[in-house]
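Proteins get letters first, then strands, A, B, ... in listed order; numbering begins at 1 in each. Here the structure is a predicted model, which means the values were calculated and not measured.
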2 protein chains.
Amino acid sequence: MGLTKTEIFTDKQNQIAQYAKVFGHPARVAILQYLFKLNACVCGDLVDEIGLAQPTISQHLKELKNLGLIKGNVEGTSVCYCIDVENWKKMKTVMSTFLDQDLNQKDCC
Amino acid sequence: MGLTKTEIFTDKQNQIAQYAKVFGHPARVAILQYLFKLNACVCGDLVDEIGLAQPTISQHLKELKNLGLIKGNVEGTSVCYCIDVENWKKMKTVMSTFLDQDLNQKDCC
DNA sequence: TTTATTCATTGCAATATTACGATTAAAGGG
DNA sequence: CCCTTTAATCGTAATATTGCAATGAATAAA
């Protein structure tokens with residue numbers, strides 16, 4: 001069916017999955033890493049930097065923007081992207097509660 | 001095309017995406033949380049616990065096993081699952097280097 | 001005003017994912 | 001030896017994702 005049954009899971013579980021899903025493509029990972037590395041707004045070089053066609057990059061940017069992880073401001077003909085620091089922190093909190101579950105457990109299998 | 005162009009990304013980027021992808025479905029998040037909560041092996045209640053059909057759960061478990069995040073041991077007619085602690089730690093290291101990128105950056109957009 | 005630049009959107013083809021019914025395989029209990 | 005239990009696998013339908021060519025919209029440059 002290809003249709004995830006979100007109703008049967010908790011909001012938290014769906015939220016974790018939603019964040020993870022957006023990181024689940026190397027192009028989006030690469031875009032975010034580049035935005036961090038530059039430590040500033042990026043106006044346009046993303047298509048050159050990552051080797052995908054412009055519409056494809058645009059699509060990936062849209063997904064990142066939908067989740068609030070990046071912001072885009074129009075500047076003349078070009079658009080300027082950067083990490084949304086506030087929301088990135090929120091995301092980190094959510095993901096950490098999931099990843100840092102521990103592990104008092106000994107190997108039992 | 002539906003086919004991710006992994007060639008044009010670094011191994012690290014692909015690895016991050018691969019981990020993230022497996023967390024990108026709430027059923028797999030729920031399975032992992034349940035394994036952590038029990039703090040022990042789980043032999044079979046997963047289908048009752050999560051509201052999906054047995055073949056569906058089996059498929060999700062397979063993906064988690066392929067990435068090494070869980071282990072499964074046969075015990076009689078049933079199979080016993082638990083977190084693979086070593087590999088979970090390795091995964092955490094990889095994901096942390098990605099998520100903890102900071103942020104000297106001021107909001108520029 | 002025309003032309004160029006930059007990015008978003010649309011439309012579509014190829015492939016992947018999700019879910020489940022039906023079946024199979026393997027082990028135990030009678 | 002049958003029958004049950006448990007979980008993997010197969011096959012398939014529905015939907016989602018990825019990628020790009022073509023097009024559109026908006027601004028800047030000439």
Expressed in angstrom and rounded to an integer, what is the separation of [X] atom [atom1] from [N] atom [atom2]?
{"X": "A:Ile70", "N": "C:dC7", "atom1": "CD1", "atom2": "P", "answer": "13 Å"}
{"X": "B:Ile50", "N": "C:dT18", "atom1": "CD1", "atom2": "C1'", "answer": "14 Å"}
{"X": "B:Glu75", "N": "D:dA8", "atom1": "CD", "atom2": "C1'", "answer": "17 Å"}
{"X": "B:Ile57", "N": "D:dA8", "atom1": "CD1", "atom2": "P", "answer": "11 Å"}
{"X": "B:Asp45", "N": "D:dT6", "atom1": "CG", "atom2": "P", "answer": "11 Å"}
{"X": "B:Lys5", "N": "C:dT15", "atom1": "NZ", "atom2": "C1'", "answer": "14 Å"}
{"X": "B:Leu46", "N": "D:dT6", "atom1": "CG", "atom2": "P", "answer": "14 Å"}
{"X": "B:Glu63", "N": "C:dT17", "atom1": "CD", "atom2": "P", "answer": "7 Å"}

Residues that A:Glu63 engages under salt bridge (Lys or Arg N to Asp or Glu O under 4.0 Å), provided they are two or more places apart: A:Arg28

Please list, one pair per line, the donor and acceptor atoms closer than 3.5 Å that link side chains of residues 18-27 of chain B to other protein atoms, with sequence neighbours excluded.
residue : atom : partner : partner atom : Å
B:His25 : ND1  : B:Ala27 : N            : 3.0
B:His25 : NE2  : A:Thr4  : OG1          : 3.4

For nucleotides 24-30 of chain C, list the nitrogen or oxygen atoms of the protein found under 3.5 Å from its nitrogen or oxygen atoms, one pair per line.
none

5′-ward residue of the pair A:Leu52/B:Val79 relative to DNA chain D: B:Val79

Kindly say if A:His60 contacts the phosphate of D:dG19, meaning a side-chain N or O under 4.0 Å from OP1 or OP2. yes

Residue-level proximity of residues 10-19 of chain A to DNA chain D when a heavy atom falls under 4.0 Å: none

Indicate whether the side chain of A:Asn73 and that of A:Tyr81 have a donor and an acceptor atom separated by less than 3.5 Å. no

Proximal nucleotide (of C:dT18, D:dG19, C:dT6) relative to the B:His25 side chain: C:dT18

Would you check if [X] and [Y] make a side-chain contact, meaning some heavy-atom pair closer than 4.5 Å?
{"X": "A:Leu46", "Y": "A:Tyr34", "answer": "yes"}
{"X": "A:Phe36", "Y": "A:Trp88", "answer": "yes"}
{"X": "B:Leu52", "Y": "B:Val47", "answer": "no"}

Where do B:Leu99 and A:Met91 land on the side-chain contact (heavy atoms from CB on, under 4.5 Å) test, with the steps shown first? CA-CA 9 Å; B:Leu99 295 176; A:Met91 175 280 294; 3.7 Å; yes

Any chance you could measure A:Asp100, atom CG, to A:Met95, atom CE, to the nearest 0.5 Å? 10.5 Å

What is the distance from atom NZ of B:Lys65 to atom CD1 of B:Ile70, rounded to the nearest 0.5 Å? 6.5 Å

Report each atom pair, protein N/O against N/O of nucleotides 9-16 of chain D, whose distance is under 3.5 angstrom.
residue : atom : partner : partner atom : Å
D:dA13  : N1   : A:Met1  : N            : 3.2
D:dA13  : N3   : A:Met1  : N            : 3.0
D:dA14  : N3   : A:Met1  : N            : 3.3
D:dA14  : N3   : A:Met1  : O            : 2.6
D:dA14  : N3   : A:Gly2  : N            : 3.0
D:dT15  : O4'  : A:Met1  : O            : 2.6

Report the residues that fulfil side-chain contact (heavy atoms from CB on, under 4.5 Å) with B:Val29, sequence neighbours left out, ordered by chain and then residue number. A:Gln13, A:Ile16, A:Ala17, A:Phe98, B:Gln33

So does B:Asp11 have more than 12 non-hydrogen atoms from other groups sitting under 6.0 Å from CG? no

